[in-house]
Amino acid sequence: MITTLLTGISVGGQYALIAIGYTMVYGILRLINFAHGDVFMVSGMMLIWFVSSTPITIAVPLIIVVTVVLGFLIERAAYLPLRNAPRMSAMISAIGVSYLLQNVITYLTGGQPMTYPTIPLLAKTVGIFGTKQTMATIVTLPMVIVLVISLSFLINHTKVGMAMRAVSKDFETSRLMGIKINNVISVTFIIGSALAAVGSVLYFSNYSKIVAVSGALPGLKAFVAAVFGGIGSIPGAVIGAFIIGICENLIKATPYSVFSDAFTFAILVVVLIFRPTGIFGEKTVDKV
Amino acid sequence: MNDLNKKNSLKSTIIVIACVLAFWGLLLLIENFNLIVPGGPKLFNPTSKLFMVLRKVIVYCLIAVSMNLLNGFTGLFSLGHAGFMLFGAYTFAILTTPVSLKVPADGIFYKYGGSVVHFSLQEAFQAIFGTSPAGERISLILGVLVALIISGAVAAVFAYLIGLPVLRLKSDYLAIATLGFAEIIRTIFQCEVIQLPGGGELVLGKLTNGANMIKGFPTLNSFNIIGENGKTALYLSTVVPAIIVTACIAIIVLLINSTYGRSFKAIRDDEIAAEAMGINLAKHKILSFCVSAFFAGVGGALYAMFATTYQAKPFTSVLTYEILLIVVIGGIGSVTGSCIGSFLYIACSEWWLRFLDEPMFIGNFQVPLLKDGFRMVVFSVVIMIVVLFFRKGIMGTKELPDLFKKKKNKTKGKVNSNAG
């Protein structure tokens with residue numbers, strides 16, 4: 001039971017790191033970044049390639065940098081040209097990017113599952129509450145807490161954070177106020193990608209192999225978490241991710257384990273029907 | 001004005017019917033070309049790549065058009081098509097797999113001791129029409145047709161149940177919720193046993209064969225007429241699905257051009273204004289959702305016939321994305337565009353770009369990058385270019401008859417395509 005709970009918390013934390021990327025982008029652009037899960041997967045693949053030539057202490061910071069660059073480039077290439085297009089176009093473009101990333105990775109790996117390296121520091125087992133856990137399970141929670149606190153500091157107490165809040169409140173007005181919208185959006189993508197890279201190290205260290213579609217399911221679940229907590233709200237996304245991670249692992253321990261993924265989506269549908277803006281979401285009113 | 005409109009719409013109808021008939025004739029001709037002229041081009045062999053592509057295109061046309069009805073004409077951004085296709089395909093496979101294959105404990109349902117469905121439609125019809133060659137033929141065709149309709153109906157019923165809660169959501173939330181439902185449906189179809197809370201268990205595998213393959217049901221090749229010497233006398237495996245799909249698309253087009261269709265477009269253009277004009281939003285949305293699901297179900301069943309075996313595993317969101325990309329390439333809001341889009345998409349990915357997957361040599365120089373999977377990379381780059389720079393797709397919102405109009409009739413053409 002304790003093992004299930006601890007795994008749940010750790011998986012929840014990993015979802016939280018991805019979910020923040022979704023929720024921040026949605027908060028500002030009103031765009032579901034379908035490619036985010038694939039960016040997460042690419043970052044996992046990168047680690048495999050970097051580890052073969054560099055020591056792990058260099059490889060991990062390196063993949064964070066590369067993932068950030070990737071996120072930035074995707075935004076510039078695929079979303080920037082569609083800034084004034086209908087929302088559906090941007091979403092289709094996001095789906096296209098996701099398709100592209102999956103196909104590129106399939107091409108590069110030849111469609112073979114790649115073995116994820118064991119990171120000695122994260123694979124070490126330690127005893128906690130009378131159970132044996134890997135380090136990855138233990139460090140996730142404090143790491144997420146630290147990252148979220150620093151992120152909320154960034155958003156609430158810095159100039160760029162203020163700009164982000166302004167842009168997410170009102171796109172047009174903040175542009176009139178002299179905020180460089182494109183820079184703010186790039187920063188959002190950079191933060192989201194960096195967190196996804198950190199998440200990918202923690203998430204994939206639990207799995208031995210990854211393939212080109214490995215990012216799709218965690219991506220979708222993290223998105224569900226973001227919606228659950230109220231999309232656009234960072235604390236909401238984190239809490240939603242923890243709830244989903246824990247519930248999923250509790251279900252996996254019952255005879256209904258095949259439905260653990262279905263349950264996530266069932267939560268999504270129920271939340272959307274009864275509280276469309278999520279737990280912490282702001283209520284929006286459509287003006288005619 | 002009215003007269004002019006009528007005359008123009010009559011002209012468009014004639015053009016469309018002529019094109020469709022010409023297409024059928026051409027298909028029939030090239031498929032049987034090698035029967036008429038022995039030793040004709042290899043390309044016209046019924047087993048060649050051309051026909052594989054054509055059959056797949058025909059099936060995808062229907063699925064793409066059904067998605068376009070929802071996404072392009074009603075403005076409901078739904079990503080649940082893989083789920084509806086699954087319903088259709090499974091219903092079809094369960095209803096038409098011959099009894100001799102599915103009931104015995106060592107048949108394809110061997111893991112579950114045989115299927116619970118103790119009949120198959122075409123065999124049920126054989127009881128009426130007899131087992132003479134002609135009787136068998138009639139019962140096969142009737143069985144398949146009835147099974148297709150039931151497949152669509154099952155998909156539509158589930159779409160209704162899903163739509164009741166889901167259609168209250170807007171744009172991206174709707175997309176995500178339908179995507180979620182499609183995943184749930186897939187999980188359920190792959191699931192073998194559900195433990196009931198009371199301690200009993202529901203063996204779903206007896207109906208769906210769990211995650212295993214279903215095979216042996218009629219395929220597109222069953223439409224071919226076998227002569228007395230055991231050789232194929234007439235190839236119909238591409239024409240028959242083409243006729244079925246055209247009939248389905250015709251129904252969708254008629255719906256789009258009816259009062260309902262105009263309401264759908266009004267909802268797409270401005271939901272609030274449409275409601276103010278007295279259009280019942282909930283009713284029209286669910287109608288569009290169910291009709292779309294119906295034809296996606298029929299499309300799924302045809303897809304099963306095309307693929308000859310069936311399994312839930314590949315029906316992930318990627319399949320829905322593919323269909324969405326087809327709709328986008330063809331033009332959101334154009335039925336003709338969806339058909340052209342499916343042709344280009346399937347032909348490129350299955351046929352024209354195949355050479356990119358093979359290593360190529362020019363003299364002694366090996367062209368770099370070419371290896372397995374490169375085709376899909378090039379292909380997705382092309383798609384991104386279309387999505388980014390040709391946002392209207394190939395056809396925009398134009399239809400087939402609009403292509404035959406001269407430029408100066410442009411405004412008239414617009415009136416026309418709305419009026420049908």
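Just the heavy atoms: all of them, side chains too, but no hydrogens, waters or symmetry mates, feed the values below. Below, chain A is the first sequence line, B the second, and so on; all start at residue 1.
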Asker: Examine whether an atom of Ile185(B) lies under 4.5 Å from a heavy atom of chain A, and if so say whether it belongs to the side chain, the backbone or both; otherwise answer neither.
Answerer: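 When you check distances to chain A, no heavy atom of Ile185(B) falls under 4.5 Å.
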
Asker: Side chain, backbone, both or neither: which part of Val328(B) has a non-hydrogen atom closer than 4.5 Å to chain A?
Answerer: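 When you check distances to chain A, only side chain atoms of Val328(B) fall under 4.5 Å.
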
Asker: Quick check, are the ring centers of Tyr15(A) and Tyr22(A) under 6.0 angstrom apart?
Answerer: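 Between Tyr22(A) and Tyr15(A), which both carry aromatic rings, the centre distance is not below 6.0 Å.
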
Asker: Tell me the closest heavy-atom pair linking Tyr207(A) and Tyr116(A), and the distance in Å.
Answerer: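 Answer, listing the atom of Tyr207(A) first, then Tyr116(A): O-CB, 3.8 Å.
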
Asker: Could you look at Ala90(A) and say if it's the side chain, the backbone, both or neither that has a heavy atom under 4.5 Å from chain B?
Answerer: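 Neither; nothing under 4.5 Å.
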
Asker: If I measure from the heavy atoms of chain B, does Phe223(A) come under 4.5 Å with its side chain, its backbone, both, or neither?
Answerer: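 For Phe223(A), side-chain heavy atoms alone lie under 4.5 Å from chain B.
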
Asker: Using heavy-atom distances under 4.5 Å, tell me whether Leu108(A) contacts chain B through its side chain, its backbone, both, or neither.
Answerer: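 For Leu108(A), the contact with chain B is made by the backbone alone.
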
Asker: Let me know which of Val335(B), Ile332(B), Val65(B) forms a side chain to side chain contact (heavy atoms under 4.5 Å, CB included) with Phe73(B).
Answerer: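 Going through Val335(B), Ile332(B), Val65(B) one by one, the side chain to side chain contact (heavy atoms under 4.5 Å, CB included) with Phe73(B) is satisfied by Val335(B) alone.
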
Asker: Against chain B, label Leu100(A) side chain, backbone, both or neither, depending on which of its atoms sit under 4.5 Å from a heavy atom there.
Answerer: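 Contact with chain B involves both backbone and side-chain atoms of Leu100(A).
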
Asker: Select one option (side chain, backbone, both, neither) describing which atoms of Gln190(B) are under 4.5 Å from chain A's heavy atoms.
Answerer: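 Neither the backbone nor the side chain of Gln190(B) comes within 4.5 Å of chain A.
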
Asker: So, for Ile28(A) and Ile185(A), which heavy atoms are closest and what is the spacing to 0.1 Å?
Answerer: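 In this case the closest contact between Ile28(A) and Ile185(A) is CG2-CG1, 3.8 Å.
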
Asker: Take Ser66(B) and His81(B) through the test side-chain hydrogen bond (donor to acceptor under 3.5 Å, both in side chains) and record every step on the way to the result.
Answerer: CA-CA 9 Å; Ser66(B) 74; His81(B) 257 54; 3.0 Å; yes

Asker: Considering only heavy atoms, which portion of Val227(A) lies under 4.5 Å from any heavy atom of chain B: side chain, backbone, both, or neither?
Answerer: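 Just the side chain, heavy atoms under 4.5 Å.
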
Asker: Is chain B contacted by the side chain of Ala78(A), its backbone, both, or neither, given a heavy-atom distance below 4.5 Å?
Answerer: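 The answer is both parts of Ala78(A).
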
Asker: With only heavy atoms counted, which part of Val386(B) is less than 4.5 Å from chain A, the side chain, the backbone, both or neither?
Answerer: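 The answer is neither part of Val386(B).
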
Asker: Given heavy-atom pairs under 4.5 angstrom as the criterion, report whether the side chain, backbone, both or neither of Ala273(B) touches chain A.
Answerer: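 Neither part.
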
Asker: What orientation do Tyr107(A) and Phe374(B) show, parallel under 30°, tilted 30 to 60°, or perpendicular over 60°?
Answerer: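 Geometry flag for Phe374(B) against Tyr107(A): tilted rings.
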
Asker: For the candidates Leu220(A), Ile92(A), Leu31(A), which exhibits the highest count of non-hydrogen atom pairs separated by less than 4.5 Å from chain B?
Answerer: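 Of the options given, most contacts go to Ile92(A).
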
Asker: Quick one: which of Leu69(B), Asn68(B), Ile63(B) gives a side chain to side chain contact (heavy atoms under 4.5 Å, CB included) with Ser292(B)?
Answerer: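 Among Leu69(B), Asn68(B), Ile63(B), the one that satisfies the side chain to side chain contact (heavy atoms under 4.5 Å, CB included) with Ser292(B) is Leu69(B).
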
Asker: With ring pair (Phe, Tyr, Trp, His ring centres under 6.0 Å) as the criterion, how do Phe84(B) and Phe158(B) come out once you've worked through the C-alpha distance, each side chain's angles and the decisive distance to 0.1 Å?
Answerer: CA-CA 8 Å; Phe84(B) 300 143; Phe158(B) 277 92; 9.6 Å; no

Asker: Report which part of Val224(A) has an atom under 4.5 Å of a heavy atom belonging to chain B: side chain, backbone, both, or neither.
Answerer: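 No part of it gets close to chain B.
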
Asker: Who wins among Asn71(B), Ile176(B), Thr187(B) for the most heavy-atom pairs under 4.5 Å with chain A?
Answerer: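 Going by pairs under 4.5 Å, I would pick Ile176(B).
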
Asker: Walk me through it: do Phe315(B) and Phe189(B) pass the test ring pair (Phe, Tyr, Trp, His ring centres under 6.0 Å)?
Answerer: CA-CA 11 Å; Phe315(B) 284 75; Phe189(B) 273 117; 9.9 Å; no

Asker: Report which part of Leu388(B) has an atom under 4.5 Å of a heavy atom belonging to chain A: side chain, backbone, both, or neither.
Answerer: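 Both backbone and side chain of Leu388(B) come within 4.5 Å of chain A.
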
Asker: For Ser317(B) and Glu183(B), work out which heavy atoms get closest and say how close.
Answerer: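 Looking at all heavy atoms of both residues, the shortest contact is N-OE2, 3.6 Å.
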
Asker: Measure distances from Leu82(A) to the heavy atoms of chain B and classify the residue's part below 4.5 Å as side chain, backbone, both or neither.
Answerer: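 It is the side chain, since no backbone atom gets that close.
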
